[in-house]
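Worksheet: the structure to be examined is printed underneath.
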Amino acid sequence: MEPLLAIAIGILFAAAIYMMLRRSIVKLVIGLMLLSNAANLLIFVSAGLTRGGPPLVPQGLTAPQGTVADPLPQALVLTAIVIAFGVLSFAVVLVRRAWEIVRADDLDRMRDTDT
Amino acid sequence: MQLAVLGGFVVAGMAPLLHRWFGARTPLVLSLLPASMMIWLLGLWPVIASGEAVLLEWAWVPGLDITLTFLIDGLSWLFALLILGIGALVLVYTGDYLHGHQDLPRFLVVLIAFMMSMLGLVLSDNLVTLFVFWELTSITSFLLIGFHHGDLSARKAAQQGLYVTAGGGLALLAGFVMLAQAGGSWSLAELTMRGDALRSHALYLPMLFCLLVGAFTKSAQFPFHFWLPSAMAAPTPVSAYLHSATMVKAGVFLLARLHPALGGTDAWTLSLSLVGAFTMATGAFLAIQHTNIKKLLAYSTVMALGTLTMLLGLGTPEALVAFVAFLLAHSLYKGALFMVAGILDHETGTKDVTHMGGLRHVMPRTAVVAAVAALSLAGMPPLLGFVGKELMLESALAATQYRVVIVGLTSVAAFLTLAVAAIVAFRPFYGALRRTPRTPHEAPPGMLAGPALLAGLSLLFGLAPGWLDGLVVATIAGLGATDHDVHLALWHGINLPLVLSLVSLALGLMVWRRWDRLRAHLARLRPFMARGPEAGYEALMAGMVAAAEWQTRMLQNGHIRNYLIVTLLTLLGLVGHALLFRHAPNLNVPVAAYPHEAVVAGLMVAGAVAACVMRSRLAAVAAVGIMGFSVALVFVLFSAPDLAITQLLVETLTVILLVLVLFRLPRFATLSTPTERARDLVVAGLSGIMITLLMFSVLGGERLPRISDFLVANSQPQGHGHNIVNVILVDFRALDTLGEMFVLALAAIGVLAMLRFHAESGGTAPTPPRESENG
């Protein structure tokens with residue numbers, strides 16, 4: 001499964017970067033969303049995939065039995081998902097605000113601080 | 001002593017406070033500082049005279065081998081004495097020169113700081129410490145040249161001085177590093193004992209080159225001489241102190257210090273003696289073209305610095321004796337002459353010697369002092385300048401290489417200097433009294449005391465040069481010439497140097513008599529002179545500004561896309577190179593996937609691609625949603641329940657947020673040209689391929705021991721939790737999670753602020769009309 005996901009992640013990154021290179025600010029936001037998902041998956045898959053072994057310790061034991069998935073990348077990605085949401089909501093509101101004031105959708109027209 | 005120097009910096013900082021207490025007498029009070037340090041130094045004389053060096057050790061940064069150790073031998077003792085002695089006199093002089101000036105406290109702060117930096121420079125034993133003090137003198141010099149900061153020319157001159165000396169400082173630092181690497185020590189005292197090893201080291205020539213650039217820029221040697229005359233924009237006490245007696249001699253001092261370690265080779269002898277001789281002649285030649293008394297003196301300082309460099313280059317014991325005698329003579333007479341120039345400027349209101357005349361009637365004492373100092377500059381008996389000049393001519397005549405060139409340039413410099421002396425000391429004082437912008441009076445005693453004392457010493461040591469024998473012996477011992485008998489004398493008998501002196505006297509007087517006509521002739525050379533090194537400096541600065549503008553236009557162009565493309569292409573170049581040539585990724589990872597897993601991956605890709613191609617905002621958001629939920633499915637399938645829960649929650653919230661805001665956002669528009677889209681597609685595609693290849697090389701690579709094993713084993717026993725991911729978040733990496741909470745809180749505050757701001761200014765901000773979606 002890993003090679004398949006590696007290719008999928010590559011496509012996700014390409015899509016994200018393509019959208020971030022657009023001049024329209026809304027497309028930039030979409031690119032941002034794609035990029036954060038792609039990055040999260042990248043970290044998750046890089047550690048290797050495990051089927052049917054969630055990193056849980058059964059009641060009454062001090063260590064999980066058998067192979068479990070690597071918990072560290074999961075913890076990192078969990079943090080990243082939440083942060084990405086914070087960034088996204090900020091970006092969305094910022095874009096909305098910029099649109100209200102500048103009335104320009106074109107990033108090329110937002111080159112200085114004078115409106 | 002280290003404490004005294006560091007304490008001196010503290011005193012410098014307190015100068016404004018002292019000024020509040022003592023008012024106009026502050027400079028006098030402050031002059032007690034150098035005076036007391038001078039007395040301490042004089043107390044060391046018995047040790048110095050016996051030819052021993054005093055090493056005051058003080059570890060500063062032991063781990064980096066940086067010490068604040070002071071090395072006091074004959075050489076640094078002489079320099080320290082000059083710095084403190086002339087410093088005290090300059091402070092007294094400043095009291096009257098800048099009497100009542102509103103910026104006097106600031107001036108004193110920088111002047112005292114300079115004094116301490118210069119003292120640290122000559123006393124330092126450690127190369128790093130020396131360099132720090134070296135740069136401090138450059139900075140304080142910059143501040144002092146630019147003292148009249150309201151004046152454009154003063155600012156330009158200050159900048160020029162700083163760029164030239166600090167640029168040289170960079171070369172010097174490189175030279176010091178090479179020196180320490182080659183010699184295996186940062187201590188000057190140790191390096192001077194390893195001369196043979198240094199001279200035969202492979203780095204000798206680059207090291208010498210860097211050190212010489214540093215020393216030549218500081219000491220205004222050709223072709224870096226131009227900054228010194230410009231620096232005359234500074235108040236006259238500064239010119240007298242920094243730009244004749246002390247700072248500009250730092251380069252010469254460094255060369256003298258390194259003479260035992262690096263001197264004696266052909267490269268050293270040739271570069272120093274030829275550059276020195278050429279600087280001498282250039283300085284003297286440029287001097288007589290000016291009528292501004294300070295510029296005249298500045299160019300004659302350039303000439304004197306050239307002389308000192310040349311003598312070090314010649315390097316024979318006789319030349320070193322001449323070096324010490326000339327150094328001392330120059331410091332005494334040039335300090336005095338600059339102070340006289342300041343008096344003239346102060347009393348008459350002009351710096352132009354052609355506008356002054358007959359001043360001996362109104363200021364007879366100044367006239368006498370000027371005459372004595374100028375006679376020393378001219379090298380006339382019975383003054384110390386004569387002793388120095390005779391020794392210098394003798395050494396030049398004894399040169400073994402390029403003798404004709406050196407003697408020729410030296411003679412030219414000698415008679416032109418004589419003319420300069422005559423112009424400076426006689427032109428303003430003799431002839432008919434001329435009207436000047438201010439009505440001149442005799443100088444106040446505070447201003448006259450300094451030059452009178454210095455001129456008096458010139459005369460005293462000229463009459464009894466034998467008194468200096470001990471000092472000269474101790475100093476040249478520091479230069480590496482031990483066991484050399486020295487007998488300075490005024491009368492050496494009738495010999496070649498004396499004949500040369502007489503010839504230069506005749507020629508110099510001729511130049512003086514015909515100076516006005518000569519200047520008119522020399523004015524024709526202007527277009528040629530305009531192409532000198534100063535023009536090169538201007539071109540370099542202009543070029544730097546142009547290059548900065550060009551690269552700012554190229555890189556800082558305000559287009560996010562361009563920044564992103566440059567960053568991505570750089571990344572692609574570097575990582576791609578490593579992937580292709582260093583660590584080829586292993587593409588033979590077995591694809592072991594169940595059909596449903598492949599479907600999820602396909603859904604994910606389809607969502608991402610659809611988000612890019614959809615022309616409607618709602619469809620694009622829906623496509624992103626599909627991709628987000630597929631990612632959540634991947635988490636479910638591969639043992640990450642916590643991630644799946646979070647992802648589902650966040651995806652849902654995101655979609656709600658977007659749907660809420662979406663209709664207040666502009667519609668999708670096609671703004672880029674097809675060429676731009678193709679370019680972006682190529683960049684994006686290449687980046688995607690790079691990521692995939694990177695993942696393959698990670699997946700096929702070797703697994704390192706995992707930190708996770710520790711986390712898995714300790715989650716329950718130490719963290720008391722059964723969900724390992726949760727334990728990591730709230731226990732093992734709890735601080736990280738705290739930081740995350742702060743980030744989220746900040747984002748929330750930001751969102752709220754932007755929404756609230758809108759609510760308050762709702763009346764003025766145009767609310768966008770609701771648009772209907774028709775994609």
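Labels below follow one simple rule: chain letters A, B, ... track the order of the sequence lines, proteins then strands, and each chain is numbered from 1.
Residue with the most contacts toward chain A among B:Leu711, B:Asp736, B:Thr654: B:Thr654 (heavy-atom pairs, distance under 4.5 Å). Taking B:Leu693, B:Ile689, B:Leu653, B:Thr737 one by one and counting their heavy-atom pairs under 4.5 Å with chain A, the maximum is reached by B:Leu653. Of the listed residues A:Ala15, A:Gly86, A:Ala69, A:Ala75, the one with more heavy-atom pairs under 4.5 angstrom with chain B than any other is A:Ala75. Heavy-atom pairs under 4.5 Å with chain A were tallied for B:Cys612, B:Ala747, B:Ala623; the largest tally goes to B:Cys612. The most heavy-atom pairs under 4.5 Å with chain B, out of A:Asn40, A:Leu49, A:Ile11, come from A:Leu49. Per-residue counts of heavy-atom pairs under 4.5 Å with chain B were compared for A:Ser89, A:Gly31, A:Pro54; the largest is that of A:Pro54. Your options are A:Ala47, A:Ala84, A:Ala63, A:Ala98, and the one with the most heavy-atom pairs under 4.5 Å with chain B is A:Ala47.
Residue A:Leu41 touches chain B through its side chain alone, counting heavy-atom pairs closer than 4.5 Å. Only the backbone of A:Leu61 comes within less than 4.5 Å of a heavy atom in chain B; its side chain stays farther off. Both the backbone and the side chain of B:Leu643 come within less than 4.5 Å of a heavy atom of chain A. Proximity to chain A is limited to the side chain of B:Ile728, based on heavy atoms less than 4.5 angstrom apart. At a 4.5 Å heavy-atom cutoff, B:Leu686 makes no contact with chain A through either its backbone or its side chain. When heavy atoms are compared at a cutoff of 4.5 Å, B:Leu658 approaches chain A solely by way of its side chain, counted from C-beta outward. Heavy-atom distances place both the backbone and the side chain of A:Asp70 under 4.5 Å from chain B. Residue contact with chain A, scored on non-hydrogen atoms closer than 4.5 Å, is absent for B:Ala748. Both the backbone and the side chain of B:Val751 come within contact range of chain A, with heavy atoms under 4.5 Å apart. For chain B, the nearby parts of A:Val45 are the backbone and the side chain; heavy atoms of each come within less than 4.5 Å. Of the atoms belonging to B:Ile707, it is side-chain heavy atoms, and not backbone ones, that fall under 4.5 Å from chain A. For a residue to count as touching a neighbouring chain, one of its non-hydrogen atoms must lie under 4.5 Å from one of that chain's; by this rule B:Ala640 touches chain A with backbone and side chain alike. Using a 4.5 Å cut-off between heavy atoms, A:Tyr18 touches chain B through backbone and side chain atoms alike. When heavy atoms are compared at a cutoff of 4.5 Å, B:Arg677 approaches chain A by way of both its backbone and its side chain. Contact annotation for A:Leu72: both backbone and side-chain heavy atoms come within less than 4.5 Å of a heavy atom of chain B. Using a 4.5 Å cut-off between heavy atoms, A:Ala16 makes no contact with chain B at all. Only the side chain of B:Val624 comes within less than 4.5 Å of a heavy atom in chain A; its backbone stays farther off. Of the atoms belonging to B:Met604, heavy atoms from both backbone and side chain fall under 4.5 Å from chain A.
Under a 3.5 Å cut-off, the side chain of B:Ser708 and the backbone N or O of A:Pro71 do not form any donor-acceptor pair. Under a 3.5 Å cut-off, the side chain of B:His722 and the backbone N or O of A:Val57 do form a donor-acceptor pair. Side-chain atoms of B:Ser687 never come within 3.5 Å of backbone atoms of A:Ala14 as a donor-acceptor pair (strictly under, hydrogens ignored). No side-chain donor-acceptor contact under 3.5 Å links B:Thr646 to the backbone of A:Leu78.
Residues A:Leu34 and B:Ala611 come closest through the heavy atom pair CD1-CB, 4.5 Å. When all heavy atoms of A:Leu12 and B:Val605 are compared, the closest pair comes out as CD1-CA, 4.4 Å. Scanning both residues, B:Gly688 and A:Phe13, for their nearest heavy atoms gives CA-CB, 4.5 Å. When all heavy atoms of B:Gly628 and A:Asn37 are compared, the pair lying nearest together is CA-ND2, 4.5 Å. Contact between A:Ile30 and B:Ala620 at its shortest, heavy atoms only, is CD1-CB, 3.9 Å. Counting all heavy atoms, side chain and backbone alike, A:Ser46 lies closest to B:Val698 at O-CG1, 3.9 Å.
Taking CG of B:Leu694 as the reference point, atom CG of A:Leu42 lies at 8.0 Å (rounded to 0.5 Å). Rounding to the nearest 0.5 angstrom, the gap separating the OG1 atom in A:Thr79 from the CZ atom in B:Arg733 is 5.0 Å. Here the straight-line distance linking atom CE of B:Met741 with atom CD1 of A:Ile83 works out to 11.0 Å at 0.5 Å rounding. Expressed to the nearest 0.5 Å, how far CG of B:Leu744 lies from CZ of A:Phe90 amounts to 12.5 Å. Distance CG/A:Leu88 to CG/B:Leu657: 6.5 Å, rounded to 0.5 Å. The CE atom of A:Met19 sits 11.5 Å away from the CG atom of B:Asp680 when rounded to the nearest 0.5 Å.
For the pair B:Gln716 and A:Gln59, the minimum side-chain heavy-atom distance is 4.5 Å or more. Looking only at side-chain heavy atoms (C-beta outward), B:Thr692 and A:Ile9 stay at 4.5 Å or farther from each other. Side-chain contact check for B:Met754 versus A:Leu94: some heavy-atom pair is nearer than 4.5 Å. Two residues are said to be in side-chain contact when any heavy atoms from C-beta on lie closer than 4.5 Å; A:Met1 and B:Phe638 meet this criterion.
Remark: B:Leu569 CG is packed, more than 12 non-hydrogen atoms of other residues, nucleotides or ligands lying under 6.0 Å away. Taking a 6.0 Å sphere around OH of B:Tyr594, one finds it holds 12 or fewer heavy atoms contributed by other residues, nucleotides or ligands.
Exactly one of B:Val727, B:Asn723, B:Ile724 qualifies for a side-chain contact (heavy atoms from CB on, under 4.5 Å) with A:Pro55. That residue is B:Ile724.
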Please lay out, stage by stage, how B:Glu676 and A:Arg22 fare under the test salt bridge (Lys or Arg N to Asp or Glu O under 4.0 Å).
-> CA-CA 9 Å; B:Glu676 280 176 333; A:Arg22 308 271 51 80; over 6 Å; no

